[in-house]
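This report refers to the structure that appears directly beneath it.
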Amino acid sequence: MGGQHSTQRISIDNEGDPASVIKVSESVVDRLKGGTDQTMEKEEEEISKPNVRNYGLTHFHHVAVPENLPIQGLPYITSKDIQQVLEKEIQKNNEYWEKRIGELQKTHEQMDKIMEEEYLKATEEIKKILPKVRPANAKLPCQGGRSDVTKCYKSHPQQPLNCAAEVEQFANCLTNTRIKLQDEDKI
């Protein structure tokens with residue numbers, strides 16, 4: 001019993017899930033094979049040295065821990081280390097989105113300015129092309145001539161040519177009024 005060397009067997013059931021692969025260092029393999037105390041001394045030296053270990057992407061209580069987590073001389077990850085890394089990542093993310101939103105706001109301001117300029121140009125073109133609409137309180141031009149023509153037609157229903165002078169005056173009045181309005185539009 002005391003002098004005999006016993007063989008220990010370790011079996012791990014790994015059902016093909018690559019996330020559950022267990023990695024073992026060479027020194028652990030040597031110790032399992034019954035290696036010397038020198039390998040244990042080397043491991044103790046490595047552990048006692050302050051270093052930074054790259055643990056890769058590790059899942060820690062359903063929280064993904066980024067690579068290159070700075071371990072301050074400790075052989076394990078602390079929640080403080082995780083919190084610091086996550087806070088830095090959140091800060092980077094916030095800065096990115098603040099910058100992105102600022103750029104979008106500038107773009108929208110430029111688009112608004114261009115749209116306003118185009119609107120003003122279109123309004124000016126419409127004013128040039130379309131006739132002005134008379135105001136609601138505006139009086140119709142040449143009302144006196146209109147009433148003269150109406151009276152004449154009523155007094156001579158069978159002889160409309162007798163009203164030619166009144167019709168001509170009314171037409172001249174309308175033409176002069178139209179010319180005045182066009183001259184005012186040019187100003």
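As a basis for the values below, the full set of heavy atoms in this structure was taken, side chains included, without hydrogen atoms, waters or symmetry mates. In this chain, numbering begins with 1 at the start of the sequence shown.
- Between Glu124 and Lys121 there is no salt bridge, since none of the side-chain N atoms of the basic residue sits less than 4.0 Å from a carboxylate O of the acidic one.
- Once rounded to the nearest 0.5 Å, the distance linking OG1 of Thr123 with OH of Tyr119 reads 4.0 Å.
- Atom-to-atom distance recorded for Asn93:CG and Leu86:CG is 12.0 Å, nearest 0.5 angstrom.
- We find the CD1-CD distance between Ile114 and Glu117 to be 7.0 Å, quoted to the nearest 0.5 Å.
- More than 12 heavy atoms of other shown residues, nucleotides or ligands fall within 6.0 angstrom of atom CD in Gln143.
- Using a 4.5 Å heavy-atom cutoff, the side chains of Asp81 and Val85 are not in contact.
- Annotation for Pro141 and Thr177: closest pair CB-CG2, 3.5 Å, computed over non-hydrogen atoms.
- Distance check: Ile101 CD1 to Lys99 NZ gives 13.5 Å after rounding to the nearest 0.5 Å.
- Contact check for Gln169 versus Asn172: no side-chain heavy atoms found under the 4.5 Å cut-off.
- Thr150 places none of its side-chain heavy atoms less than 4.5 Å from the side chain of Phe170.
- In this structure, Glu109 CD and Lys113 NZ are separated by 10.5 Å, a value rounded to the nearest 0.5 Å.
- Going from atom SG of Cys163 over to atom NZ of Lys154 covers 12.0 Å, rounded to the nearest 0.5 Å.
- Shown are Glu87, Glu95, Lys88, Glu89; of these, the side chain to side chain donor-acceptor pair (under 3.5 Å) with Gln91 is made only by Glu95.
- Pairing each heavy atom of Asn162 with each of His156, the nearest pair is ND2-ND1, 3.9 Å.
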